[in-house]
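Computed from a predicted structure; not experimentally measured. Reckoned from all heavy atoms, side chains included, excluding hydrogens, waters and symmetry mates.
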Amino acid sequence: YLVNTIKVAVENYNLSEDKKEKSGLKYGIKHLMRQVPHPPQLWSVEAKKFADKNNIPYDLTWHQQPKYDPGRKNLLAEHKVPLEEVFKKLLKDPNNAEQILLNNNTIVWVTKEEDSRLTKLGYRSNRPDPDKAYEEAGIQIVF
């Protein structure tokens, strides 16, 4: 039902001509996209080292993070393909929403420093080739 709701919202976004309405729909779609179940998470080498040193489980969720990383000071759960990129793909092909979401919904745990490198390289929300972006930022993903 969640994927179908996203699909219908994207179709309505494409039909709407009202800027404020489109803004609200986009906000809602991105919020719903965060609720779609993720495949197994990936970890960068540096984030994994931090997890190992601090006895953090590899199946860590965003909601559990404060228990292991108070104040979320060290780790960041990053969408490998930023939500903005997934949103653009959905706009082009809403009928394929389920496949788009399944193929582009991977979470990568990175350190805050690694995330800063992605941002400095211009990859905050624009990352058409995620593997290239991570490579340019010197981020190695282990699993």
For a quick check under 3.5 Å, do [X] and [Y] share a side-chain donor-acceptor pair by atom type?
{"X": "N74", "Y": "K112", "answer": "no"}
{"X": "Q41", "Y": "W109", "answer": "yes"}
{"X": "T111", "Y": "E46", "answer": "no"}

Any side-chain heavy atom of [X] sitting closer than 4.5 Å to one from [Y]?
{"X": "E84", "Y": "K26", "value": "yes"}
{"X": "T106", "Y": "H38", "value": "no"}
{"X": "P130", "Y": "R127", "value": "yes"}
{"X": "V8", "Y": "I6", "value": "no"}
{"X": "D52", "Y": "K48", "value": "yes"}
{"X": "D129", "Y": "D131", "value": "yes"}

Problem set entry | Ring centre gap for Y123 and Y134 strictly below 6.0 Å | no
If you draw a 6.0 Å radius around [atom1] in [X], do more than 12 non-hydrogen atoms from other residues or ligands fall strictly inside?
{"X": "F143", "atom1": "CZ", "result": "yes"}
{"X": "E136", "atom1": "CD", "result": "yes"}
{"X": "K88", "atom1": "NZ", "result": "yes"}
{"X": "E98", "atom1": "CD", "result": "no"}
{"X": "Q140", "atom1": "CD", "result": "no"}

For this session: Show your reasoning for whether salt bridge (charged side-chain N to carboxylate O under 4.0 Å, His left out) applies to D69 and K73.
Result: CA-CA 6 Å; D69 181 17; K73 293 180 182 174; over 6 Å; no
Exercise. Under the 3.5 angstrom rule, does the side chain of S23 hit a backbone N or O of K19 as a donor-acceptor pair?
Worked result: no
Exercise. Just by distance, do the side chain of R124 and the backbone of L118 share a donor-acceptor pair under 3.5 Å?
Worked result: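 No: the side chain of R124 does not pair with the backbone of L118.
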Would you compute the distance between atom [atom1] of [X] and atom [atom2] of [Y] and round it to the nearest 0.5 angstrom?
{"X": "I29", "Y": "N12", "atom1": "CD1", "atom2": "CG", "value": "8.5 Å"}
{"X": "K30", "Y": "S125", "atom1": "NZ", "atom2": "OG", "value": "6.5 Å"}
{"X": "Q65", "Y": "I56", "atom1": "CD", "atom2": "CD1", "value": "8.0 Å"}
{"X": "L102", "Y": "Q99", "atom1": "CG", "atom2": "CD", "value": "5.5 Å"}
{"X": "L42", "Y": "I107", "atom1": "CG", "atom2": "CD1", "value": "9.5 Å"}
{"X": "E114", "Y": "I139", "atom1": "CD", "atom2": "CD1", "value": "4.5 Å"}

Quick one: closest heavy-atom pair of [X] and [Y], and the distance?
{"X": "P94", "Y": "E11", "value": "CB-CG, 3.9 Å"}
{"X": "S44", "Y": "V110", "value": "OG-CA, 3.8 Å"}
{"X": "A97", "Y": "K7", "value": "CB-CB, 4.0 Å"}

ILVMFWY network linking [X] to [Y], side-chain heavy atoms under 4.5 angstrom:
{"X": "V3", "Y": "F87", "value": "yes"}
{"X": "V81", "Y": "V10", "value": "yes"}
{"X": "L83", "Y": "L91", "value": "yes"}
{"X": "L2", "Y": "L90", "value": "yes"}
{"X": "Y13", "Y": "L101", "value": "yes"}

Exercise. After noting the C-alpha distance and the side-chain angles of K22 and D18, does the key distance pass the side-chain contact (heavy atoms from CB on, under 4.5 Å) rule?
Worked result: CA-CA 6 Å; K22 286 177 89 86; D18 182 89; 5.9 Å; no
Problem set entry | Residues K80, E85; criterion salt bridge (charged side-chain N to carboxylate O under 4.0 Å, His left out); working and verdict | CA-CA 10 Å; K80 187 173 181 185; E85 290 289 331; over 6 Å; no
Exercise. Is it the case that R72 places NZ or CZ above or below the six-membered ring of W62, under 6.0 angstrom from the centre and within 45 degrees of the axis?
Worked result: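 Yes.
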Exercise. Should the ring pair W43 and Y58 be called parallel, tilted or perpendicular, given that the plane angle runs from 0 to 90° and is split at 30 and 60?
Worked result: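 The arrangement is perpendicular - the two ring planes meet at more than 60°.
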